Chemist: 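Have a look at this one.
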2 protein chains.
Amino acid sequence: MPAEPVKFTLSEDRIPTHWINLLPDLPGDPLPPLNPGTMQPAGPDDLTPIFPMSLIGQEVSAEPEVEIPEPVRDALKLWRPTPLHRARRLERDLDTPARIYYKYEGVSPAGSHKPNSAVAQAYANKEAGIERLVTETGAGQWGSALALACSLFGLDCLVYMVGASYDQKPYRRAMMETWGATVIRSPSDTTDSGRGQAAHTTGSLGIAISEAVEVAAGDPATNYALGSVLNHVCLHQTVIGQEASSQMELAGEEPDVVVGCVGGGSNFAGMSFPFLRRVLRGEAKTHFVAAEPAACPTLTRGTYRYDFGDTVGLTPLMPMYTLGHDFVPPPVHAGGLRYHGDSPIVCGLVKHGLVEARAYKQNETFAAAVRFARSEAILPAPEPAHAIRAVMDEAEAAREAGEERVILFNLCGHGHFDMSAYDAYLAGKLEDPEFSEADMQAALERLPETPAIA
Amino acid sequence: MPAEPVKFTLSEDRIPTHWINLLPDLPGDPLPPLNPGTMQPAGPDDLTPIFPMSLIGQEVSAEPEVEIPEPVRDALKLWRPTPLHRARRLERDLDTPARIYYKYEGVSPAGSHKPNSAVAQAYANKEAGIERLVTETGAGQWGSALALACSLFGLDCLVYMVGASYDQKPYRRAMMETWGATVIRSPSDTTDSGRGQAAHTTGSLGIAISEAVEVAAGDPATNYALGSVLNHVCLHQTVIGQEASSQMELAGEEPDVVVGCVGGGSNFAGMSFPFLRRVLRGEAKTHFVAAEPAACPTLTRGTYRYDFGDTVGLTPLMPMYTLGHDFVPPPVHAGGLRYHGDSPIVCGLVKHGLVEARAYKQNETFAAAVRFARSEAILPAPEPAHAIRAVMDEAEAAREAGEERVILFNLCGHGHFDMSAYDAYLAGKLEDPEFSEADMQAALERLPETPAIA
């Protein structure tokens with residue numbers, strides 16, 4: 001071995017055989033999603049119109065581990081295991097005693113962690129006899145991932161792309177179309193949900209979800225696929241943290257801090273859940289940091305209660321931090337983080353004090369991304385730039401405290417389709433929108449009446 | 001191990017320690033470059049104004065192996081070793097008995113094989129006390145690679161970008177700028193060479209080279225860096241073939257056919273030279289296929305003679321197949337293949353019948369790329385799409401002959417910055433320009449008078 005290894009790689013037989021389900025280890029009883037009509041816990045019947053039974057089973061599973069079907073592992077082999085890097089050049093640049101590691105999910109063909117769940121969902125739907133999947137996409141990462149997965153498993157694919165991203169990222173659209181998907185700008189006139197939101201020209205994830213769910217609910221051969229938030233999506237992403245855990249062992253390290261960005265929560269969950277389980281079982285003491293945009297500060301500024309997952313109100317009510325289901329965030333470039341809510345599991349962890357949430361403004365995240373690119377070479381997507389900003393804070397704190405600190409973060413995607421944002425940043429043209437008290441007040445007034453969370 | 005491995009990975013201690021120099025193994029005496037003033041062999045003095053001595057030494061080295069400096073290996077670790085894939089899904093899609101393997105160089109932060117030489121050149125110039133590197137770029141791959149390498153070794157970087165690519169690929173420009181480089185559209189008014197070619201609005205690699213060489217020659221603190229063609233560039237790329245050779249051993253295979261696309265020749269050289277040396281030494285029988293665009297068919301339609309490497313005529317004369325140094329190819333999307341000449345070594349191999357050259361039209365290469373993307377998931381750059389087209393021909397020939405055939409090719413880069421080309425292809429808007437006899441006749445008439453090649 002060279003004196004200073006910078007990459008820790010695993011051969012493909014080290015792709016995990018099981019997903020890690022954190023539900024059984026969580027403190028307290030799980031809060032069920034509610035049927036908005038009856039306000040009673042939502043059952044499988046509420047979900048079968050848009051999801052296959054196998055995914056519904058994963059959504060509510062009490063098993064601590066769920067076996068990964070062989071055809072899914074076979075698809076994961078196309079890019080997994082992903083590398084773990086030691087950021088030696090960044091450490092030197094930051095002049096920090098901290099040791100910084102990152103898992104790089106940008107090596108997937110779609111450029112992010114999203115295909116980990118897309119192939120699992122495409123497989124489950126194909127097995128259930130479904131012919132087409134419909135979904136929404138913010139930054140384009142999830143839509144690309146599902147387009148790719150559908151192409152691998154022989155399914156048709158329809159993607160509602162949030163207007164702001166559709167306009168900023170024409171090449172993401174072309175990518176999805178190259179894999180055979182159909183892409184529609186949201187809000188669109190192809191659904192009632194879209195027509196009702198035509199005034200929101202930049203769109204939002206919430207609106208796009210409404211459009212996709214409406215299409216899926218109206219066609220038995222079509223199902224819906226969500227790229228984040230839900231338990232089964234978080235489950236599928238735990239291949240990230242499991243591989244990272246093996247790779248940290250190779251490096252002879254145990255992380256003191258695990259950092260990820262949070263939009264809907266799936267990349268954060270994927271990296272952190274395997275490490276969180278150790279903490280929940282008393283086997284480790286690790287600090288967890290969730291980084292989100294100040295323009296859409298769900299975990300740091302939202303209210304913890306039941307709310308809809310989509311803008312129109314077609315989904316079950318979920319227990320989460322929310323900025324209000326009809327909140328339309330400013331069109332910041334981290335499109336994947338523009339969501340009014342977050343994964344109920346991740347929200348619960350924040351609520352219980354197991355995860356610390358921090359919000360960052362757009363320009364400071366791009367400054368961190370450019371500094372990272374000039375030392376570590378990789379161009380990060382705007383979403384993980386939030387995680388990088390938090391990592392730099394941690395590294396600086398370690399320097400000031402004069403202490404070694406092992407930091408692990410998830411570099412969940414590359415920024416190849418976000419170069420216009422870098423262009424704007426370098427030209428000094430990026431804005432720093434923030435969530436206002438007036439925004440919150442307005443959202444609170446429009447929230448549905450739902451049972452209180454004990 | 002799983003029953004059907006699809007990826008063969010190496011840990012970073014398996015990055016080669018030496019580059020492979022094919023020069024001493026080539027048949028016949030090497031043909032020297034010529035000083036265009038004296039028509040005598042060019043010596044170091046002809047090159048020192050723009051290259052450091054260590055690279056000039058590599059250019060003419062008679063050693064079969066050249067040690068890779070440790071800081072270069074250290075930079076290569078950021079993304080190397082790259083994976084070798086078995087294209088099982090493509091094989092099934094093509095219904096071929098052939099076994100297809102590809103080395104994927106797109107995992108580098110710049111998205112292609114180009115950084116392999118960029119880091120070697122940046123290091124050599126830094127060691128020589130140079131402060132700035134200047135270069136040209138066609139598709140943007142080389143310019144990105146050099147911008148990245150300069151950022152890693154603390155050098156300033158100036159890139160002349162071929163006009164056609166500058167217009168098609170604004171995000172490639174943003175990428176270079178994110179790594180700190182300055183990018184100028186070529187032809188430009190910043191050089192005499194550029195001002196003299198202002199009529200060629202789409203530009204060409206030849207013109208951009210003239211601009212870059214002019215700048216380097218006029219400033220002692222600035223050197224020039226070329227991304228292909230020259231012997232030392234081909235040398236640096238041999239890490240590809242050496243790793244591929246180790247990985248094919250892991251797979252228990254020996255290639256019957258090795259395929260690469262050729263623009264200036266560096267990715268083809270990098271993959272094939274280690275295998276070619278075995279053939280030259282009588283240790284293997286391998287067939288080699290060089291795929292080039294019908295719009296710029298240097299190896300298949302050019303004339304074999306001495307010609308300039310650039311449009312204006314600032315470089316030494318090199319022995320190669322050429323379409324004429326002032327030929328401006330149509331603006332096909334495979335910008336990296338728009339070069340009037342090719343590596344003298346690669347040209348010599350074609351001349352000696354050791355490498356077979358084939359030319360493909362633009363649409364048939366994109367058809368191959370889309371088919372590849374829908375089976376193997378990765379979106380290829382337009383340049384290696386030519387190699388994929390050739391591989392599909394080989395696979396079909398294997399099926400028709402009913403024989404197993406082991407095909408290895410270099411997938412030298414991803415197409416993330418070429419999605420507008422995919423967009424145009426899917427919309428049926430791509431043209432199929434071809435090189436005409438009139439083009440060749442006109443070029444021949446303008447070629448310099450040079451000594452004949454025996």
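Order of the sequence lines fixes the chain letters, A, B, ..., with proteins taken first and strands second; residue numbering starts at 1 for each chain. No experiment lies behind these values; they were computed from the predicted model shown.
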Chemist: Show me the pairs that pass salt bridge (charged side-chain N to carboxylate O under 4.0 Å, His left out) and involve residues 170-179 of chain A, at least two apart or across chains.
Modeler: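 Listed once each, the pairs are A:Arg173-A:Glu177, A:Arg173-B:Asp423.
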Chemist: Counting heavy-atom pairs under 4.5 Å to chain B, which of A:Trp79, A:Phe417, A:Tyr422 comes out on top?
Modeler: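 Ranked by contacts with chain B, first place is A:Phe417.
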Chemist: Quick check on the interface: out of A:Ile15, A:Leu426, A:Val370, who has the most heavy-atom pairs with chain B under 4.5 Å?
Modeler: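 Top option by heavy-atom pairs under 4.5 Å: A:Leu426.
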Chemist: Which atoms form the tightest heavy-atom contact between B:Ser11 and A:Thr9, and what is the distance?
Modeler: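 For B:Ser11 versus A:Thr9, the nearest heavy atoms are CA-OG1, 3.8 Å.
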Chemist: Taking all non-hydrogen atoms of both residues into account, name the closest pair between B:Thr178 and A:Ala373 and its distance.
Modeler: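 Taking every non-hydrogen atom into account, CG2-CB, 4.3 Å.
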Chemist: Which atoms of A:Asp74 are under 4.5 Å from chain B, going by heavy atoms: the side chain, the backbone, both sets, or neither?
Modeler: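 Contact with chain B is through both the backbone and side chain of A:Asp74.
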Chemist: Any side-chain heavy atom of A:Trp179 sitting closer than 4.5 Å to one from B:Leu379?
Modeler: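 Touching, per the 4.5 Å side-chain cut-off.
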Chemist: To the nearest 0.5 Å, tell me how far B:Leu78 CG sits from A:Arg88 CZ.
Modeler: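 With rounding to 0.5 Å, CG (B:Leu78) is 11.5 Å from CZ (A:Arg88).
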Chemist: To the nearest 0.5 Å, what is the distance between CD on A:Glu376 and OG on B:Ser151?
Modeler: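 Result: 10.5 Å between the selected atoms.
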Chemist: If you apply the rule ring-ring contact (aromatic ring centres under 6.0 Å, His included), what do you find for B:His416 with A:Tyr171, and how did you get there?
Modeler: CA-CA 8 Å; B:His416 300 172; A:Tyr171 297 169; over 10 Å; no
Chemist: Under 4.5 Å heavy-atom distance to chain A, tell me which part of B:Arg371 shows up: side chain, backbone, both or neither.
Modeler: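 For B:Arg371, neither part sits under 4.5 Å from chain A.
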Chemist: When rounded to the nearest 0.5 angstrom, what distance separates CE in B:Met419 from NZ in A:Lys169?
Modeler: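 Between atom CE of B:Met419 and atom NZ of A:Lys169 there are 14.0 Å.
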Chemist: Taking B:Pro5's backbone N and O only, do any of them form a donor-acceptor pair with A:Lys77's side chain (distance below 3.5 Å, no angle check)?
Modeler: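 Side chain of A:Lys77 to backbone of B:Pro5, a donor-acceptor pair under 3.5 Å: no, none is there.
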Chemist: Is it the backbone or the side chain of B:Ser108 that comes under 4.5 Å from a heavy atom of chain A, or both, or neither?
Modeler: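 No part of it gets close to chain A.
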Chemist: Of the listed residues (B:Arg14, B:Arg89, B:Met175), which shares the most heavy-atom pairs with chain A below a 4.5 Å separation?
Modeler: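 The option with the most such pairs is B:Arg89.
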Chemist: Relative to chain B, which segment of A:Ala75 carries a heavy atom at a distance below 4.5 Å: side chain, backbone, both, or neither?
Modeler: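 Its backbone and side chain both get close to chain B.
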Chemist: Using non-hydrogen atoms and a 4.5 Å limit, figure out which bit of A:Leu148 sits close to chain B: side chain, backbone, both or neither.
Modeler: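 Side chain only.
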Chemist: Specify the closest pair of heavy atoms between B:Val6 and A:Glu12, including all atoms of both residues, with the distance to one decimal.
Modeler: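 The answer is N-OE2, 2.8 Å.
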